[in-house]
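Since the structure is predicted, the reported quantities are computational estimates derived from the model, not experimental observations. Every heavy atom of this structure was used, including side-chain atoms; hydrogens, water molecules and symmetry mates were not.
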Amino acid sequence: MQQRVHVLVDNQPGVLAKVAALYAERGVNIDSFSVHPVQGSELSRMLIVTSCEPDLLTGILGELERLAEVLKVERERKEPEEQAD
């Protein structure tokens, strides 16, 4: 199942490596990773896409929230798809 996470971080060297390492330590491949600076601030927004199990991602998100450089973590919730009759 595809999992999407939005992370707001301090825009400084090494943050991307720390975030990616949390996924690698749990054996989770990152399918897509984009980072964009927040205009007028010293912050960046990350979008991380993986195909891991939800429970595994929950553990990673807990570790992400403990990083000093991470200000906010949001898991994108996908609405259940309607079934055709």
Enquirer: Show the nearest heavy-atom pair for residues Pro54 and Gln3, with the distance to one decimal.
Expert: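 Between these two residues, the closest heavy atoms are CG-NE2, 3.5 Å.
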Enquirer: Considering residues, nucleotides and ligands other than Glu53, do more than 12 of their heavy atoms fall under 6.0 Å from its CD?
Expert: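 Result for CD/Glu53: open.
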Enquirer: Carefully, step by step, assess Asn29 and Thr50 under the rule side chain to side chain contact (heavy atoms under 4.5 Å, CB included).
Expert: CA-CA 6 Å; Asn29 186 51; Thr50 64; over 6 Å; no
Enquirer: Could you tell me the separation between the OH atom of Tyr23 and the CG atom of Leu56, rounded to the nearest 0.5 Å?
Expert: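 Result: 9.5 Å between the selected atoms.
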Enquirer: Can Val38 and Leu8 be said to form a side chain to side chain contact (heavy atoms under 4.5 Å, CB included), step by step?
Expert: CA-CA 9 Å; Val38 176; Leu8 184 64; 4.1 Å; yes
Enquirer: I need the Glu63 CD to Lys18 NZ distance, nearest 0.5 Å.
Expert: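 Rounded to the nearest 0.5 Å, the CD-NZ separation comes to 13.5 Å.
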Enquirer: With side chain to side chain contact (heavy atoms under 4.5 Å, CB included) as the criterion, how do Val19 and Glu69 come out once you've worked through the C-alpha distance, each side chain's angles and the decisive distance to 0.1 Å?
Expert: CA-CA 10 Å; Val19 170; Glu69 300 87 356; over 6 Å; no
Enquirer: List the atom of Ser44, the atom of Pro37, and the distance in Å for their closest heavy-atom pair.
Expert: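 It is OG-CA, 3.7 Å.
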Enquirer: When rounded to the nearest 0.5 angstrom, what distance separates CD1 in Ile48 from CG in Leu64?
Expert: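 The distance works out to 6.0 Å.
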Enquirer: May I have the step-by-step check of side chain to side chain contact (heavy atoms under 4.5 Å, CB included) for Ile60 and Val5, ending in yes or no?
Expert: CA-CA 11 Å; Ile60 294 170; Val5 176; over 6 Å; no
Enquirer: If the test is side chain to side chain contact (heavy atoms under 4.5 Å, CB included), which one of Leu71, Val73, Val35 qualifies with Val7?
Expert: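 Result: among Leu71, Val73, Val35, Val73 is the only option passing the side chain to side chain contact (heavy atoms under 4.5 Å, CB included) with Val7.
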Enquirer: Could you tell me the separation between the CD atom of Glu74 and the CG atom of Leu61, rounded to the nearest 0.5 Å?
Expert: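 Rounded to the nearest 0.5 Å, the CD-CG separation comes to 11.0 Å.
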Enquirer: With rounding to the nearest 0.5 Å, note down the distance linking CE in Met46 to CG in Leu43.
Expert: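 Separation between the atoms: 11.0 Å.
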Enquirer: Specify the closest pair of heavy atoms between Ile30 and Ala20, including all atoms of both residues, with the distance to one decimal.
Expert: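 Answer, listing the atom of Ile30 first, then Ala20: CD1-CA, 4.1 Å.
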Enquirer: Nearest heavy-atom pair of Asp10 and Ala68: which atoms, and what distance?
Expert: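 In this case the closest contact between Asp10 and Ala68 is OD2-O, 4.2 Å.
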Enquirer: To the nearest 0.5 Å, tell me how far Leu47 CG sits from Glu76 CD.
Expert: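 Separation between the atoms: 7.0 Å.
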